[in-house]
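Reading through the structure tokens given below for one structure.
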Amino acid sequence: MNSSMIPSELRKKIALQGGAVIIGGTVFVFFWNDLRKTAAAHIQTSSTSRISGILPSLISDLNLILPISLLAVLFGIACAFYLEEWCPATSWIRGFIGSQVNFLTEIPSLLYGLLAIMVLFSDPGVFKEIGAFPLAQNANGSGLEVALFQRNTLVFYAETLIFILMAMPIAIKTTQEALRSVATPIRESAYVLGATQWQVLTKQVVPLAFPKMLAGGCRSMSRVLAAAALLIGIHIPNHATGPRGIPDRFVLFLGGALLLSTVSSFLTIESGTQK
Amino acid sequence: MQTDKEKPILSTHNLNVWYGDHQILNSLSFEVQPRQVTALMGPANCGKSTLVRCFNRLNDFTSNFRFSGKILFKGSNMYAETTDVTAIRKKIGMVFRKPELFRCSIYENVAYGARIAGINQSSHLDSIVQKSLQRSGLWNEVESILDEDPKQLSIGQQQLLCTARALAVDPEILIFDEPCGELDPIATVKIENLIRDLANDCALIFVTNKRRQAARVSNVAGFLYYGELIEFGTTEKIFTNPQDTRTEQYVTGSLS
């Protein structure tokens with residue numbers, strides 16, 4: 001541990017309080033005023049969206065983010081398990097995927113967002129060119145219904161793709177690190193008692209690596225949300241804004257990113273002090 | 001001696017082991033008899049651990065491990081295609097240099113082997129735990145704290161707990177890979193006494209780089225020097241009348 005001067009209990013406290021201050025501050029500065037005015041049916045005229053406030057954004061984005069993130073992170077974890085536990089060390093698959101994952105995680109996350117805007121969302125977008133997906137617009141409803149379902153299929157696939165591209169490499173990398181962090185002697189002690197590989201994985205490796213795996217999942221999600229918030233911040237005209245001109249999604253994503261990174265740091269500290 | 005009539009429980013024939021291109025062991029052949037302590041001694045990094053890790057196929061996890069030759073466990077080839085590796089590992093237990101305990105209570109640590117073997121009756125488990133702890137001589141010390149974290153035990157007690165954990169699956173061979181490497185003298189004496197006691201029930205293979213310890217504990221000893229088994233025979237003969245000059249130098253302390 002690099003900060004062995006500070007006792008672990010104290011470190012945990014500092015992290016907890018720091019996290020609480022960050023989250024509380026964010027909520028207070030951004031959310032409070034907006035939520036209050038949304039409740040008073042404050043409607044901002046905007047180029048694409050007909051209602052404003054955090055709630056519609058929250059619902060429509062959770063609608064997209066939750067399933068996709070679960071998919072991306074879970075698939076990343078499964079991939080890492082395969083690479084670490086079953087794939088033979090000499091196999092080319094391991095080297096190939098390992099180098100690709102390293103490459104993808106080293107790219108600054110903003111570049112993914114720019115890729116999304118430039119290539120996928122732009123008018124002569126890649127998908128439109130190759131005609132891969134139908135461009136059904138279903139924005140004929142009104143009110144909350146529009147906010148929920150106004151995104152068209154193209155945008156949905158583009159968002160999904162970028163999301164997976166960003167979240168999965170980090171999920172793979174952090175899970176691999178978590179699995180490697182379980183010391184070989186622990187595995188061997190279980191093996192010499194006659195445990196099968198599956199028993200060693202489920203009873204020894206996963207319980208020990210779980211906090212780190214969870215932290216990795218949170219980290220990858222937080223990265224995605226932060227990049228999204230940044231892009232929305234740049235890309236204001238197309239989004240519903242709150243009363244002070246700050247886009248709702250910017251607030252939402254930034255808050256989510258902060259929350260997840262704080263959770264991730266808690267989990268890392270927790271797994272660090274287990275020994 | 002009565003043991004001379006018995007069949008060897010484990011025998012190696014012309015065993016060669018490589019890690020990549022580097023040869024670790026060079027045509028070893030010897031036999032391990034039941035109810036005896038077989039010591040394998042030699043300087044550090046001469047292949048002792050690699051050798052004993054062949055016996056429960058732990059080397060399978062090392063990616064560039066290659067071997068030739070034969071290891072017979074009770075007459076059947078251990079590295080045959082049809083061998084059930086987990087069954088072999090249940091029969092051949094191992095205690096490592098550093099006590100590595102699972103993150104659960106003392107009771108659960110000892111019961112682990114029985115649980116993964118499918119024993120779930122609490123009365124049966126209780127008796128297994130008690131018996132193994134008694135055999136390892138730790139029962140009186142931990143009887144009242146069975147449900148507590150084993151990290152509070154001293155390192156010597158932890159090593160005894162590891163031994164109890166290995167005994168709980170009732171192995172026929174128990175391998176000690178430098179069990180006293182991290183221990184203080186008092187705990188070392190305890191472990192040595194335990195090893196002598198356990199020899200009444202099963203075959204023991206004892207790896208050490210301390211020649212005096214080998215002399216104290218073992219019935220049969222082998223001297224391993226950089227991948228070669230220089231000499232193998234009864235401890236008495238090895239220490240009083242060695243045939244090879246290198247063995248003589250080693251047991252007198254001039255070669256290390």
Side-chain angles (χ1 to χ4, degrees), chain A residues 1 7-9 80-98 176 178-214 267-275, chain B residues 20 49 52-53 55-65 84-104 108-119 132 149 151 158-159 161-171 173-177 182:
Chain A
M1 280 288 133
S8 60
E9 278 301 309
F81 264 93
Y82 170 72
L83 287 177
E84 279 301 300
E85 303 291 335
W86 284 285
C87 187
T90 47
S91 162
W92 63 271
I93 299 175
R94 200 165 178 162
F96 178 72
I97 298 186
Q176 270 185 309
L179 289 176
R180 275 185 215 140
S181 76
V182 178
T184 319
I186 281 274
R187 294 167 189 248
E188 285 179 349
S189 318
Y191 276 125
V192 295
L193 294 174
T196 59
Q197 191 182 14
W198 183 248
Q199 283 165 331
V200 172
L201 266 184
T202 51
K203 293 196 174 171
Q204 302 300 328
V205 177
V206 172
L208 288 175
F210 190 70
K212 278 187 185 164
M213 277 158 58
L214 212 57
L267 289 167
T268 314
I269 291 168
E270 200 64 39
S271 62
T273 51
Q274 255 179 17
K275 279 217 162 160
Chain B
S49 294
V52 291
R53 284 161 67 90
F55 295 155
N56 49 19
R57 293 190 60 166
L58 272 185
N59 279 331
D60 292 12
F61 301 113
T62 314
S63 58
N64 51 2
F65 165 75
D84 180 0
V85 183
T86 49
I88 287 269
R89 293 206 185 109
K90 249 171 233 170
K91 295 283 173 208
I92 304 180
M94 193 162 185
V95 176
F96 296 93
R97 176 190 171 97
K98 213 177 156 199
E100 197 67 55
L101 295 162
F102 305 137
R103 296 226 178 111
C104 45
E108 285 301 325
N109 260 289
V110 182
Y112 185 86
R115 272 199 203 280
I116 56 176
I119 298 168
S132 341
D149 186 8
K151 289 281 171 200
Q158 287 186 21
Q159 193 63 291
L161 185 57
C162 284
T163 314
R165 188 174 69 186
L167 286 170
V169 287
D170 216 6
I173 303 177
L174 193 52
I175 299 168
F176 286 85
D177 189 357
E182 309 249 322

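Naming: A, B, ... by sequence-line order, numbering from 1 per chain.
A salt bridge between A:Arg187 and A:Glu85 is present, with a side-chain N of the basic residue lying under 4.0 Å from a carboxylate O of the acidic one.
When the candidates B:Leu58, B:Val85, B:Ile116 are compared by the number of heavy-atom contacts under 4.5 Å with chain A, B:Ile116 comes out ahead. Of all the listed residues (B:Lys151, B:Lys91, B:Arg53, B:Arg57), the one sharing the greatest number of non-hydrogen pairs under 4.5 Å with chain A is B:Arg53.
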Practice problem: With side chain to side chain contact (heavy atoms under 4.5 Å, CB included) as the test, would you mind laying out the steps for A:Glu84 and A:Arg94 before giving the verdict? | Solution: CA-CA 8 Å; A:Glu84 279 301 300; A:Arg94 200 165 178 162; 3.6 Å; yes

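Contact of B:Leu101 with chain A is made through the backbone alone, with heavy-atom distances under 4.5 Å. For chain A, the nearby part of B:Ile92 is the backbone; its heavy atoms alone come within less than 4.5 Å.
Counting non-hydrogen atoms of other residues, nucleotides and ligands closer than 6.0 Å to NZ of A:Lys203 gives a total above 12.
With a 6.0 Å cutoff to the six-membered ring centre and a 45° limit on the axis angle, B:Arg165 counts as a cation-pi contact of B:Phe102.
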